[in-house]
Colleague: 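Quick one: this structure, given as structure tokens, is what I'll be asking you about.
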2 protein chains.
Amino acid sequence: MAPSDSAATELLAVRAAELYYEENKTQDEIGAILRVTRWKVGRLLSQARERGIIRIEIVHPRARRLALERELSARFGLKDAVVVPAPVDEVELQARVSEAAADYLVSHRPIPRLLGVSWGRTLHQVAEALPVGWSTGVNVVQLNGGVSLSKRPGTAASTAVMIAQKAGGQATLLPTPAILERLETKKAIEGDRTVSGVIQMARGASAYLYSAGPADVTSVHVDSGYLTTDDIERLVERGAVGDVIGRYITADGTIADPELDARTLGLGLEELRSAATAILVVGGESKHPVAHALVTHGLCSVLVTDEHTARALLGTDNSRLGADSRLSDTNEGDPVS
Amino acid sequence: MAPSDSAATELLAVRAAELYYEENKTQDEIGAILRVTRWKVGRLLSQARERGIIRIEIVHPRARRLALERELSARFGLKDAVVVPAPVDEVELQARVSEAAADYLVSHRPIPRLLGVSWGRTLHQVAEALPVGWSTGVNVVQLNGGVSLSKRPGTAASTAVMIAQKAGGQATLLPTPAILERLETKKAIEGDRTVSGVIQMARGASAYLYSAGPADVTSVHVDSGYLTTDDIERLVERGAVGDVIGRYITADGTIADPELDARTLGLGLEELRSAATAILVVGGESKHPVAHALVTHGLCSVLVTDEHTARALLGTDNSRLGADSRLSDTNEGDPVS
DNA sequence: TGCGGCTGTGCTCATATGAGCAAGCCATGC
DNA sequence: GCATGGCTTGCTCATATGAGCACAGCCGCA
């Protein structure tokens with residue numbers, strides 16, 4: 001591979017690529033134009049593809065990043081992964097991730113008989129993104145308590161109900177607070193046959209669908225009045241990176257505050273870990289730490305996320321990947337004969 | 001074309017495109033995955049291409065814009081056109097246009113027996129970009145006078161000589177000033193047998209290669225001391241947009257100042273117009289007006305330029321086209337082979 | 001209800017393309 | 001001087017792909 005030779009070859013490859021991809025000429029025609037055999041044209045084109053001279057991009061809001069999906073699955077032993085290209089805008093990002101989760105749910109096989117869902121902003125968007133009639137006879141059960149104490153009453157319930165309704169199924173709600181103030185109250189409520197029945201049912205769900213929240217003041221738990229900003233601060237001090245189904249975890253996948261956790265009503269982490277299908281939907285910068293904790297400690301089997309999060313999880317520097325891709329423009333030597 | 005249908009179809013097309021272009025799957029395999037026939041996959045893919053979901057780009061400094069080249073040729077009745085993609089940088093742009101001109105010259109058929117050249121910064125770069133031995137036995141003749149009065153002596157001569165040497169041919173120079181101060185002097189020099197012989201020879205050249213300059217203070221004529229900034233101002237007042245082979249023209253392709261023109265030594269515009277092969281090499285914002293004048297009035301038969309200039313000539317809005325064509329900074333790795 | 005036009009589908013067949021292989025080609029080392 | 005090994009080149013053949021066609025369902029219109 002002498003440099004002078006490769007310069008001439010490269011120029012030829014560029015010409016061939018132009019004729020093939022922009023002018024839709026056949027390799028045979030290109031051969032005639034460039035005065036080489038059609039086999040050489042074929043080789044030139046594959047070289048051009050290898051060297052990245054030809055860039056093929058799929059520009060569409062619903063596009064996915066299959067290469068990253070494969071990497072994620074392999075690296076973290078996931079059953080499946082969905083990665084959407086990251087748009088500039090955070091709002092748009094959340095919308096696309098939610099849409100992707102809805103798409104995934106629709107085409108997921110086997111169709112779950114009973115689907116366990118958490119609640120929150122993300123899950124609500126997923127519910128809205130699901131088309132009416134996305135499935136038939138899928139029942140839904142809530143995984144964790146979610147009676148809102150302050151704003152937006154009924155958000156948790158409406159998410160579960162919407163998902164069930166759109167699939168022509170029934171929703172079973174867990175009509176309790178997410179976190180109780182006193183351990184005794186929590187135990188009492190848990191002792192109630194209805195409540196324990198719901199949790200039991202949740203344990204038997206054939207799939208879980210849930211999101212995660214960051215350990216900061218934007219958390220839904222602050223919004224809903226279960227936790228104060230002081231509580232969050234204390235959690236962060238204890239190493240909390242975020243929450244799943246109401247439970248705050250640290251970077252090594254353990255409960256950040258066992259006392260608080262004991263007062264949290266709903267499914268435990270172990271059920272997520274051992275579930276056949278546990279679909280985590282999570283996107284955006286602020287959730288990178290919690291996503292990392294979940295994914296590295298087997299707390300989900302399917303991950304739906306955005307490109308940036310995916311790269312962060314894989315440890316790929318994603319600022320650089322945006323900036324590079326410039327070719328060196330060094331080019332000398334004999335042009336086409 | 002019901003909207004709901006086209007939405008579903010589009011999503012399918014996106015999936016197909018991903019599998020085909022990013023995963024290198026065969027249409028048959030994709031059919032199996034998406035549960036449609038392979039013919040449908042083929043149709044999906046062509047739809048995706050039509051709708052612009054798939055964007056194929058050739059990223060290489062030596063790439064060309066064949067579509068623009070075709071448009072230019074058709075619109076202005078050119079024999080040929082070469083358009084290079086415009087880089088961000090003006091210096092880089094000049095380099096690429098010059099390189100492209102050199103490439104064109106090398107592969108141009110029939111090989112000119114005698115090549116008439118002008119001089120200037122652009123032509124000098126073209127000369128440098130030509131590979132040694134780019135042709136055999138091509139003689140070169142200078143089209144217009146170019147003894148520099150102040151800086152860079154010998155530039156004009158060295159351009160012609162370099163082009164000839166690299167092709168193993170002889171250069172015939174026109175060792176006179178470009179513009180004389182007095183008409184009498186010009187006539188006297190023109191009357192010299194040697195000088196008139198060179199011009200006669202230039203008339204018989206089988207191809208011309210020349211550039212154009214803008215009508216502003218950056219002009220080589222100011223640099224070389226033939227014209228003062230006042231002269232340029234007066235030319236602009238008379239409607240001059242720039243010069244070719246030393247002659248300043250207006251937007252409608254006529255001589256801007258006949259008196260000045262009479263004192264200008266060298267080939268006339270008519271010879272360019274009637275030449276079989278008149279290769280104009282011109283790039284950059286400042287030369288758009290002069291390029292437009294030349295191209296619309298038949299003063300070149302081959303145009304080598306950059307993308308922005310091409311769009312300006314065609315009347316396409318290029319600020320917009322320049323602004324887009326940025327890729328979203330999403331970048332996946334090389335697709336698997 | 002029945003009928004022409006129209007779109008979308010699955011096919012046949014010709015063509016374009018890529019994999020794999022034998023032969024040549026250059027440069028090196030003995 | 002000559003063999004050798006890595007490389008490119010031009011081929012054969014199997015496969016992937018696109019063009020064109022007949023048919024089916026669907027719509028509006030009488």
Colleague: Between dG10(C), dT9(D), dG10(D), spot the one nearest the side chain of Trp39(B), thanks.
Modeller: dG10(C)
Colleague: Measure from CG on Leu44(B) to P on dT17(D) and round the result to the nearest Å.
Modeller: 14 Å
Colleague: Tell me which of Arg38(B) and Arg38(A) sits closer to the 5' end of DNA chain C, going by the nucleotide each one is nearest to.
Modeller: Arg38(B)
Colleague: Establish, with yes or no, whether the OP1 or OP2 oxygen of dT15(C) is under 4.0 angstrom from a side-chain nitrogen or oxygen of Gln27(A).
Modeller: no
Colleague: Nearest whole Å is fine: how far is dT17(D) C1' from Glu29(B) CD?
Modeller: 14 Å
Colleague: Within this structure, what is the NZ-to-P distance between Lys25(A) and dT17(C), rounded to whole angstrom?
Modeller: 13 Å
Colleague: Considering only NZ, NE, NH1 and NH2 on the basic side and carboxylate oxygens on the acidic side, decide whether Arg65(B) and Glu69(B) come within less than 4.0 Å.
Modeller: no
Colleague: Salt-bridged, Glu22(A) to Arg70(B), with N to O below 4.0 Å?
Modeller: no
Colleague: Which one, dC13(D), dT9(D), dC13(C), comes nearest to the side chain of Lys40(A)?
Modeller: dT9(D)
Colleague: Compare side-chain N and O positions of Thr26(B) against OP1 and OP2 of dT17(D) and report whether any pair is under 4.0 Å apart.
Modeller: yes
Colleague: Name the closest nucleotide to the Arg43(A) side chain, picking from dT9(D), dG18(D), dA16(D).
Modeller: dT9(D)
Colleague: State plainly whether the residues Arg15(A) and Glu18(A) are in salt-bridge range, i.e. N to O under 4.0 Å.
Modeller: yes
Colleague: Answer yes or no: does a side-chain N or O of Tyr20(A) lie under 4.0 Å from OP1 or OP2 of dT17(C)?
Modeller: yes
Colleague: Under a 3.5 Å distance rule, please check whether Trp134(B) uses its side chain to pair with a backbone N or O of Ile163(B) as donor and acceptor.
Modeller: yes
